[in-house]
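Following: one structure in structure tokens, then a few remarks.
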2 protein chains.
Amino acid sequence: MSQETTVHAKLRSMLLDGEFEAGTRLTEQSVCDLLGVSRTPVRAALLRLAAQNLVTGQSNRGYTVRGITVDDVWNANVVRAVLEGAAAGIVARNGLGAAAREVLEQSLADYGDLARHVELSDSFLERHAAANRVFHDALVSASGNESLTRSIDTLAYMPVQINRIVFASDRDFAVQTVQSGLAEHHGVVAAILSGDAMAAEILMRTHSQKALRGIDHVRGVLKLGPEFRQMPFHEFIGGVGVPGATG
Amino acid sequence: MSQETTVHAKLRSMLLDGEFEAGTRLTEQSVCDLLGVSRTPVRAALLRLAAQNLVTGQSNRGYTVRGITVDDVWNANVVRAVLEGAAAGIVARNGLGAAAREVLEQSLADYGDLARHVELSDSFLERHAAANRVFHDALVSASGNESLTRSIDTLAYMPVQINRIVFASDRDFAVQTVQSGLAEHHGVVAAILSGDAMAAEILMRTHSQKALRGIDHVRGVLKLGPEFRQMPFHEFIGGVGVPGATG
DNA sequence: CTTGGCTCATTTGTATACAATGGCGCGATT
DNA sequence: AATCGCGCCATTGTATACAAATGAGCCAAG
């Protein structure tokens, strides 16, 4: 792994974990000292982080950390839902290739197996996230629209695996979420196969928006008022005590 | 202007103008020789270009130029239309702030003035593009969703000002496009003010997709078959002889 | 003749020295 | 006392030397 990759990954997780106060200035040199590398890879990493909007860079005056609020994550997920919905619509319109269909059906099968035995073990959560990701990725890439694919990938810097948090906070909610998730996946595929683009888009958008409902559910568990949207995301996550949940 | 900015801008326009064959390898050193700067700014510029998908970079093996096809531009505009539609829907749902409303109405007025006296002069095309951009930008930023704003901005590296080409190729089409464009802008604003999110989204998406219709119109003018989608974009543009139309 | 590995050239990855830029504080002047 | 301007300092921007990695070509062995 190159130094630049290491620096980027490390800074990213530190930023998402809230290890820097929002507004803290990050000079290139300070990052060098912190991580023990030279300025060149640090510079490249900061450029990428700025492109992902995790830090803001002003010309000649370095970078400042941009705190991630719940609202930021919410907004990113709104956009993701819109884009994934559009992907489903495109696929329904253009038809589903044999290879993509294979992948989707396999992921439906895997997801179905999971839905029959919901647990809250780490291994289950891992497999669930994987199966879910396979479905979403397959759908998006089946659209054959590279701008779409890249736009969604760019959003992925934001923590989107809300499910782990939701699951850990409420078992009943978890069971219900997995099972309705399965049903929704099936519904999207059915709409695509029948060539109903509008249904596919709406169903997929609604499904993707579940992450938002998950956030709102956590808000309920934590008994927070509407001001929770302005909270630093890492505090919000910390409230339900799920280590590593920001991945 | 910093060297990095210069290098980026220069390479970008060269890439869009098709001055490099698709697949050409771009080593850092070759770009240095070409533009007479050292590797550091070149490196940064190539990173940005890779993020924008104008070149593809494989680890340790440099970059190769990725030809921009009509399809690429088409796909980028599909995504843009989806996102702008979503923005309109969000604004309709959340309401329009006084400041944003001001900007939108001013842009409607400006656009209305233009629509009454369509010409094909450079100055007119410039003012038309500006008024149009003001409307679209104001709408997107009124959504208050920064992920959305940034996603759209990221797409903007793709040539989206198809209008200039369309206009130059067919005066009647130009007049009709400007006037229906004005009507569509009004329709979107009306839907937003009445709080009809679905109408706002559909109207705005449909409106944004006009760029696609513009591309298709040019295809007709050039009497190209369906294979035109795989054409290098700069050749396609070159066909109607509009210098500087890729901006 | 084919295939395996080894060497070497090419090219990126990293470190560091130096230049330029912009902000901030201090002092002088009104 | 307030303001304007100047100079210093912090920090990024740039150049370049050196290290590391990857792929190609060659040679030898089977």
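In what follows, every chain begins at residue 1, and chains take the letters A, B, ... in the order their sequences are listed.
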Inset, instruction - Going 5' to 3' through nucleotides 11-18 of chain D, assign each nucleotide B (protein heavy atom under 4.0 Å from a base atom), S (under 4.0 Å only from sugar-phosphate atoms) or - (no protein heavy atom that close). - result: SBBBBBB-
Is any NZ, NE, NH1 or NH2 atom of the basic residue among [X] and [Y] found under 4.0 Å from an Asp or Glu carboxylate oxygen of the other?
X	Y	value
B:Arg48	B:Glu4	yes
A:Arg66	B:Glu146	yes
A:Arg127	A:Asp110	no

Inset, instruction - Sequence neighbours left out, what pairs pass side chain to side chain donor-acceptor pair (under 3.5 Å) with at least one residue falling in residues 94-104 of chain A? - result: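 Sorted pair list: A:Arg101-A:Glu105.
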Legend entry - Contact list for residues 132-152 of chain B, test ring-ring contact (aromatic ring centres under 6.0 Å, His included), sequence neighbours left out: B:Phe135-B:His185, B:His136-B:His185, B:His136-B:His207
